[in-house]
Asks: 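The structure is given below, and queries will be raised subsequently.
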Amino acid sequence: QVQLVESGGGLVQAGGSLKLSCAASGSIVSIRSMGWYRQAPGKQRELVASIANLGRTNYADSVKDRATISRDYAKKTILLQMNSLKPEDTAVYYCNLRTWVDEYDYWGQGTQVTVST
């Protein structure tokens with residue numbers, strides 16, 4: 001079983017920064033990718049950033065120049081550093097772990113990020 005524990009969300013001012021962390025634990029066998037998605041009320045869940053296999057990264061165009069996703073192997077954690085936050089970044093952010101086998105998705109419980117003006 002895999003568990004994903006998220007931290008780092010909260011209320012920040014526009015133009016500020018935050019760092020989201022997602023720690024994976026349990027039986028992790030075959031990881032296709034890990035990443036962060038976000039979802040605002042009434043809207044579709046969307047990819048923010050992901051990191052796959054040996055480190056290939058993908059970013060949403062809206063955060064490409066403002067976000068960095070990285071891995072901390074020692075802590076079994078992925079980190080998402082976001083800078084120059086905008087009100088449109090407000091959403092619930094979900095950590096995702098995707099497996100090669102069965103293309104199965106594990107999800108964290110979500111952490112709220114609110115960017116105020």
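Given the structure is predicted, the values throughout are model-derived calculations rather than measurements. When a residue number appears, it is its place in the shown sequence, counting from 1. Below, each value reflects all heavy atoms present in this structure, side chains not excepted, and no hydrogens, waters or symmetry copies.
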Asks: Tell me, please, which residues at least two apart from Val115 pass side chain to side chain contact (heavy atoms under 4.5 Å, CB included).
Replies: Val12, Ala14, Leu85, Pro87, Asp89, Thr90, Val113
Asks: Taking side chain to side chain contact (heavy atoms under 4.5 Å, CB included) as the definition, give me every residue that meets it alongside Gln39, ordered by chain and number, with sequence neighbours left out.
Replies: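 Gln39 satisfies side chain to side chain contact (heavy atoms under 4.5 Å, CB included) with Arg45, Tyr94 once adjacent residues are dropped.
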Asks: Looking at every non-hydrogen atom in both residues, tell me the closest pair between Gly8 and Leu18 and how far apart they are.
Replies: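 Heavy-atom minimum between the residues: O-CB, 4.4 Å.
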Asks: Under 4.5 Å between any side-chain heavy atoms of Ile78 and Arg71, yes or no?
Replies: yes
Asks: Within the 4.5 Å heavy-atom criterion, are Val5 and Cys22 side-chain neighbours or not?
Replies: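 With C-beta onward as the side chain, the pair stays apart.
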Asks: Side-chain heavy atoms under 4.5 angstrom apart, residues restricted to Ile, Leu, Val, Met, Phe, Trp, Tyr: same cluster for Ile31 and Leu80?
Replies: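 Yes; Leu80 is reachable from Ile31 via cluster members.
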Asks: Rounded to the nearest 0.5 Å, how far apart are OG of Ser7 and CG of Leu20?
Replies: 8.0 Å
Asks: Other residues, nucleotides and ligands only: do more than 12 of their heavy atoms fall within 6.0 Å of CD on Gln3?
Replies: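 Counting neighbours around CD of Gln3, more than 12 heavy atoms of other residues, nucleotides or ligands fall under 6.0 Å, so yes.
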Asks: Is it the case that Glu6 and Thr111 place a side-chain donor and acceptor less than 3.5 Å from each other?
Replies: no
Asks: Could you check Ser21, Ser70, Ser25 and say which one makes a side chain to side chain contact (heavy atoms under 4.5 Å, CB included) with Thr77?
Replies: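 Considering Ser21, Ser70, Ser25, a side chain to side chain contact (heavy atoms under 4.5 Å, CB included) with Thr77 is found only for Ser21.
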Asks: For residues Val92 and Tyr37: do they belong to one hydrophobic cluster (side chain heavy atoms under 4.5 Å, members Ile, Leu, Val, Met, Phe, Trp, Tyr)?
Replies: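 Hydrophobic grouping puts Val92 with Tyr37.
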Asks: Please, which pairs that meet salt bridge (Lys or Arg N to Asp or Glu O under 4.0 Å) have at least one residue in residues 104-117, sequence neighbours excluded?
Replies: Arg98-Asp105
Asks: On a heavy-atom basis, which atom in Val2 and which in Ser27 lie closest, and how many Å separate them?
Replies: CG2-O, 2.9 Å
Asks: Going by side-chain hydrogen bond (donor to acceptor under 3.5 Å, both in side chains), name the residues that satisfy it together with Gln1, two or more places apart in sequence or in a different chain.
Replies: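 Gln1 satisfies side-chain hydrogen bond (donor to acceptor under 3.5 Å, both in side chains) with no other residue.
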Asks: So how far is it from Lys19 NZ to Gln81 CD, rounded to the nearest 0.5 Å?
Replies: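 Taking NZ in Lys19 and CD in Gln81, the distance rounds to 6.5 Å.
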Asks: Does the side chain of Trp36 reach to within under 4.5 Å of the side chain of Ser50, using non-hydrogen atoms?
Replies: no
Asks: Looking only at heavy atoms, what is the nearest atom pair of Ser84 and Ser17, with distance?
Replies: N-OG, 4.2 Å
Asks: Just to verify, what does Ala24 make a side chain to side chain contact (heavy atoms under 4.5 Å, CB included) with, not counting sequence neighbours?
Replies: Leu4, Ile28, Met34, Leu97
Asks: Would you give me the side-chain donor-acceptor pairs under 3.5 Å for residues 57-64, sequence neighbours excluded?
Replies:
residue	atom	partner	partner atom	Å
Tyr59	OH	Ile69	N	2.9
Ser62	OG	Arg38	NH2	3.3

Asks: Quick one: does Tyr93's side chain get under 4.5 Å of Val48's, heavy atoms only?
Replies: yes
